[in-house]
Amino acid sequence: MIKKMTVSLVFMSVFFLTGLLLYILVAEEENKSSADSVSEVISGGFDNEDYYFYLSDDEIQSKAESVLAGEYSFSSYTLESENAEDSNEKIAFAYTEPPGLTVKREAKKQYNLYGTIPAPEDLRAKLSDEMIPVHIRFYGQGAYIHDIETEQDGESLTGAKRLNLADGAKTSLLIDTAEADFDEPLTIHVTDQANPSDQITYHIDWAEFR
């Protein structure tokens, strides 16, 4: 009896640690290059002071300096699905990337390479007030076999751009900020093309990431 319990405990520990290691490895890769391809298609500047996520130069500087205290992690920007059990089998994680996270990522990248952080004007050049990314990291090449729909107040957002990256392991949605209402939650449906009833849903309350 004790032997069986020990074997079971060891198996569960190995399974948990393997999953944790996989998450860490994928997350670290996400930290290094999550927006490299996305940044190539993000358009517009970052000078609209009415934008929900607008940052002043002082705020950009403050967020950039926060990485020196180890305050950079995209985990606080991750999204919880409505049906977590189903999503865990297909999606490793999903998260939104407001400008503050982009600032921290770029500052962390430069600090790791050169031991310095970028100036606010250099960071501002990498930001956009016209699009805000939402990233979905699939297991395998799941991006190729899932449809993704964004909606707000029951209406589909038609201006969102979709990019399938990393050989289908990742989808980045670029939400059109002119179309989105940041005072209202955004809903994202991820639907299996072969089985439309198999759907994973995320709700984004923008105020949580401001």
Side-chain angles (χ1 to χ4, degrees), residues 12 15-35 38 52-53 63 66 70-105 108 131-157 159-166 168-177 179-193 195-210:
M12 291 175 61
F15 181 80
F16 172 77
L17 291 174
T18 300
L20 180 61
L21 179 60
L22 177 62
Y23 176 85
I24 292 173
L25 290 174
V26 173
E28 187 156 340
E29 182 61 27
E30 199 77 14
N31 286 345
K32 292 177 181 178
S33 59
S34 67
V38 173
Y52 188 80
F53 288 105
K63 289 184 181 297
S66 71
E71 294 182 14
Y72 170 63
S73 172
F74 74 87
S75 60
S76 57
Y77 297 87
T78 55
L79 308 175
E80 292 292 333
S81 66
E82 224 176 51
N83 36 355
E85 290 185 5
D86 294 333
S87 68
N88 288 342
E89 297 178 1
K90 299 184 176 185
I91 297 175
F93 50 83
Y95 69 102
T96 186
E97 186 182 339
L101 178 58
T102 305
V103 166
K104 291 181 179 182
R105 188 195 67 244
K108 178 70 171 177
M131 299 178 179
I132 182 168
V134 176
H135 306 289
I136 301 172
R137 172 68 77 161
F138 292 91
Y139 292 112
Q141 296 178 309
Y144 294 143
I145 59 173
H146 287 85
D147 292 325
I148 300 178
E149 180 186 8
T150 55
E151 66 176 25
Q152 206 164 34
D153 289 334
E155 298 290 333
S156 295
L157 299 186
K161 295 182 180 179
R162 176 177 176 176
L163 301 175
N164 288 335
L165 307 169
K170 174 183 175 181
T171 287
S172 289
L173 297 174
L174 304 182
I175 307 299
D176 184 345
T177 61
E179 185 180 19
D181 181 352
F182 291 100
D183 292 323
E184 297 292 334
L186 176 75
T187 300
I188 298 176
H189 299 295
V190 183
T191 307
D192 190 323
Q193 295 173 355
N195 181 13
S197 65
D198 187 356
Q199 187 177 82
I200 298 165
T201 300
Y202 295 94
H203 298 289
I204 301 178
D205 182 350
W206 297 109
E208 294 180 6
F209 305 105
R210 197 171 190 179

Practice task
Could you check if a side-chain atom of Q152 sits within less than 4.5 angstrom of a side-chain atom of E179, using non-hydrogen atoms only?
Solution key: no

Practice task
Check step by step if ring pair (Phe, Tyr, Trp, His ring centres under 6.0 Å) holds for Y52 and F182.
Solution key: CA-CA 7 Å; Y52 188 80; F182 291 100; 5.4 Å; yes

Practice task
For the residue pair D147 and T191, confirm or rule out a side-chain donor-acceptor distance under 3.5 Å.
Solution key: no

Problem - pair Q193-H146: side-chain heavy atoms closer than 4.5 Å - result: no

Exercise for the section: Without swapping roles, check the side chain of Q141 against the backbone of A169 for a donor-acceptor pair under 3.5 Å. Expected result: no

Fill in the blank from the handout: Value for CG (L174) from CG (L163), rounded to nearest 0.5 Å, stands at 5.0 Å

Exercise for the section: May I ask you to test the I132-P98 pair for a side-chain heavy-atom distance under 4.5 Å? Expected result: yes

Fill in the blank from the handout: Residues D176 and G159: closest non-hydrogen pair is CB-O, 3.9 Å

Problem - Minimum heavy-atom distance A94-I136, with the two atoms named - result: CB-CG1, 4.1 Å

Problem - Euclidean distance, T201 OG1 relative to L79 CG, rounded to 0.5 Å - result: 12.0 Å

Exercise for the section: Quick one: sort the W206 and F53 rings into parallel, tilted or perpendicular, breaks at 30° and 60°. Expected result: perpendicular

Completion exercise
Here the gap from E184 atom CD to I204 atom CD1, rounded to the nearest 0.5 Å, amounts to 14.0 Å

Practice task
Evaluate the side-chain proximity of R162 to I148: yes if any heavy-atom separation is below 4.5 Å, no if none is.
Solution key: yes

Handout entry: Donor-acceptor contact present, side-chain D153 to main-chain E155, <3.5 Å
Key = no

Handout entry: Stepwise side-chain contact (heavy atoms from CB on, under 4.5 Å) test for L101 and Y72
Key = CA-CA 8 Å; L101 178 58; Y72 170 63; 3.5 Å; yes

Exercise for the section: For the residue pair S156 and E149, confirm or rule out a side-chain donor-acceptor distance under 3.5 Å. Expected result: yes

Exercise for the section: Taking the side chain as every heavy atom from C-beta outward, state whether S81 and I91 have any pair of such atoms under 4.5 Å apart. Expected result: no

Exercise for the section: Look at the side chain of D192 and the backbone N and O of S197, then say whether any donor-acceptor pair between them is shorter than 3.5 Å. Expected result: no

Fill in the blank from the handout: Rounded to the nearest 0.5 angstrom, the CD1-CD1 distance for I200 and I188 is 12.0 Å

Fill in the blank from the handout: Interatomic distance, OH@Y95 vs CZ@F74, rounded to 0.5 Å, equals 5.5 Å

Handout entry: Check against side-chain contact (heavy atoms from CB on, under 4.5 Å), F138 and I145
Key = CA-CA 10 Å; F138 292 91; I145 59 173; over 6 Å; no

Exercise for the section: State, to 0.1 Å, how close A180 and I175 come at their nearest heavy-atom pair, and which atoms those are. Expected result: CB-CG2, 4.0 Å

Practice task
For the pair E80 and Y202, evaluate side-chain contact (heavy atoms from CB on, under 4.5 Å) and give the outcome as yes or no after the intermediate values.
Solution key: CA-CA 6 Å; E80 292 292 333; Y202 295 94; over 6 Å; no

Problem - Least distance between heavy atoms, G100 atom then K63 atom - result: CA-CD, 3.6 Å

Problem - Approximate separation, where rounding is to 0.5 Å, of K170 NZ and H135 NE2 - result: 5.0 Å

Exercise for the section: Test side-chain contact (heavy atoms from CB on, under 4.5 Å) on D198 and K90 and set out the steps. Expected result: CA-CA 11 Å; D198 187 356; K90 299 184 176 185; 2.2 Å; yes

